[in-house]
2 protein chains.
Amino acid sequence: MIRILIADDHDLLREGLEQALGAVPDIQVLGTASSGAELLSILDDVSPDVIMVDVDMPGMSGLEALGKMRGGPPAIVVTMHESAKMRKQAMDAGAVGFLSKSTPLPRLAAAMRAAVAGESFIDDDYDVTSHMNAVLDPGAAALTARERELLSLLATGVSSTDELAEKLYISQKTVKNHLASIYDKLAVSDRAQAAVEAIRLGL
Amino acid sequence: MIRILIADDHDLLREGLEQALGAVPDIQVLGTASSGAELLSILDDVSPDVIMVDVDMPGMSGLEALGKMRGGPPAIVVTMHESAKMRKQAMDAGAVGFLSKSTPLPRLAAAMRAAVAGESFIDDDYDVTSHMNAVLDPGAAALTARERELLSLLATGVSSTDELAEKLYISQKTVKNHLASIYDKLAVSDRAQAAVEAIRLGL
DNA sequence: CCCAATCTGGTCCCTCCGACCCATGGAGGG
DNA sequence: CCCTCCATGGGTCGGAGGGACCAGATTGGG
């Protein structure tokens with residue numbers, strides 16, 4: 001279980017992330033802060049495994065806060081400014097991860113797992129996919145790319161053979177074959193169980 | 001059940017809100033868009049009761065998109081620019097609601113309920129609380145106790161009629177009847193989709 | 001007191017799903 | 001070069017699942 005702290009001044013993002021990340025099986029949201037100062041003040045009470053911090057916050061910025069807490073838990077900086085300059089500033093401030101606010105949720109989760117594992121996680125194009133595969137859940141590792149793709153659809157509520165075949169541009173028979181492989185690897189026996197497993201695995 | 005559409009270019013906010021709003025009993029997220037153009041394109045396929053749209057989006061802005069869809073479903077504008085000028089622009093573009101991104105989640109939900117009720121909802125200080133109390137009330141989940149019980153089991157991977165009947169001490173036929181009711185209420189058509197919905201609802 | 005909702009159970013029917021058999025072509029590793 | 005894995009596809013078949021009805025017992029609210 002990864003215990004995290006979220007710092008962002010936008011309530012919608014903060015509360016939304018709290019919900020969404022809390023729903024991830026191995027992540028627990030300990031608390032949130034809406035400013036750098038608030039982050040520092042509650043950091044003493046809770047001891048998170050990793051913190052997610054926004055750059056733009058009223059009063060003390062996320063990077064300032066990071067500078068004042070050297071030696072604390074690893075921090076992942078999330079921002080809407082995707083420039084290389086900002087990334088360097090974040091890393092200089094001691095961040096172990098740097099992500100855009102346009103990052104898909106699972107990648108944020110992957111970054112947190114990487115952070116607690118002592119690795120850094122930079123939102124770049126090269127090498128990221130291989131890195132992510134290493135960080136992702138071992139249970140899902142056995143699945144092939146195509147199987148994961150199908151399973152992801154299943155986890156979003158696309159359940160009929162027909163729809164799945166359509167969305168994957170393959171025949172209904174191939175869908176059934178992939179499903180059979182998934183059932184075997186996940187030790188389940190139907191789509192409902194597979195969907196539950198898929199969500200549990202964060203797909 | 002309020003069926004909504006979310007348009008925001010920041011994946012984290014979009015996915016977070018999708019999760020968080022989907023967890024609200026009387027709200028169902030039909031889909032999301034990451035640009036004004038995408039919003040317009042999917043608006044034809046789904047017919048939401050209300051849409052939430054960000055102002056700042058690449059290409060076509062939220063306000064531009066609103067201007068092009070006059071006559072569509074009511075729209076709530078959410079932005080980080082809290083100026084009165086921006087609010088006026090939003091209302092001129094046809095928005096029925098205007099909220100800051102620093103708005104607490106329940107207020108956003110309240111605004112959506114107000115929007116479908118034909119009322120407008122402006123993020124102002126005066127009169128808002130009284131308005132909210134009138135609009136709030138989380139609208140009890142349509143599911144009955146027994147249905148929720150069955151659905152919870154489904155969400156834990158108990159999918160076969162046989163097992164469900166056994167664990168609930170009822171006949172297989174009654175399981176099927178309950179499932180049929182659940183399908184109807186959740187607008188799904190099989191156990192896999194119901195399981196996905198159940199988890200999304202936090203069961 | 002009656003009506004509506006809920007929980008329980010039933011029958012019929014037919015689609016669809018999952019199990020098991022197989023084949024082919026391509027990619028990659030030893 | 002061969003062998004394995006993957007993705008694609010085919011066929012068959014029994015049984016489970018879902019749709020469309022119905023109906024009795026109980027409970028609670030108007």
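In what follows, chains are A, B, ... by sequence order, proteins preceding strands, each numbered from 1. Small disclaimer: the values here were computed from a predicted structure and weren't measured.
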[N] [atom2] sits how many Å from [X] [atom1], rounded?
X        : N      : atom1 : atom2 : value
A:Asp190 : D:dA16 : CG    : P     : 12 Å
A:His178 : C:dG18 : NE2   : C1'   : 16 Å
A:Ile170 : C:dG26 : CD1   : P     : 18 Å
B:Asp162 : C:dC17 : CG    : P     : 21 Å
A:Gln193 : D:dA16 : CD    : C1'   : 13 Å
B:Arg146 : C:dT8  : CZ    : C1'   : 9 Å
B:Leu150 : D:dG18 : CG    : P     : 11 Å
B:Leu154 : D:dG17 : CG    : P     : 11 Å

What does [X] touch in the nucleic acid at a heavy-atom separation under 4.0 angstrom: a base, only the sugar-phosphate, or nothing?
X        : value
B:Ala180 : nothing
B:Asn177 : base
A:Ser189 : sugar-phosphate
A:Thr174 : base

Item to check | Side-chain heavy-atom pair A:Val78, A:Asp8 within 4.5 angstrom cut-off | outcome: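 Sidechains of A:Asp8 and A:Val78: no contact.
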Checklist entry - Taking the side chain as C-beta and beyond, is there a heavy-atom pair between A:Met52 and A:Ile4 under 4.5 Å? => result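 Answer no - side chains too far apart.
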Please determine if a side-chain N or O atom of [X] lies less than 4.0 Å away from the OP1 or OP2 oxygen of [N].
X        : N      : value
B:Thr161 : D:dA16 : no
A:Arg191 : C:dG18 : yes
A:Ser171 : D:dG10 : yes
B:Thr144 : C:dC7  : yes

Selection from [options] that lies nearest to any side-chain heavy atom of [X]:
X        : options               : answer
A:Ser160 : C:dT8, C:dG18, C:dC17 : C:dC17
A:Glu147 : D:dG17, D:dA7, C:dC17 : D:dA7
A:Lys173 : C:dC20, C:dG18, D:dC6 : C:dC20
A:Leu179 : D:dG19, C:dG18, D:dA7 : C:dG18

Item to check | Residue pair B:Thr174 / B:Ile170: nearest heavy atoms and the distance that separates them | outcome: CG2-CD1, 3.8 Å
Checklist entry - With a 3.5 Å cut-off and no angle check, do the side chains of B:Gln193 and A:Ser159 form a donor-acceptor pair? => result yes
Next on the checklist: Assess the residue pair B:Leu108 and B:Leu17 against the criterion (side chain to side chain contact (heavy atoms under 4.5 Å, CB included)); give the C-alpha distance rounded to whole Å, side-chain angles, the decisive distance to 0.1 Å, and a yes or no.
Outcome noted: CA-CA 10 Å; B:Leu108 173 59; B:Leu17 270 184; 4.0 Å; yes
Checklist entry - Between B:Lys176 and B:Tyr169, who's closer to the 5' end of DNA chain C by nearest nucleotide? => result B:Tyr169
Checklist entry - Can any side-chain N or O of B:Glu38 pair as donor or acceptor with the backbone N or O of B:Ser34 at less than 3.5 Å? => result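 Checking the backbone N and O of B:Ser34 against the side chain of B:Glu38, a donor-acceptor pair under 3.5 Å is found.
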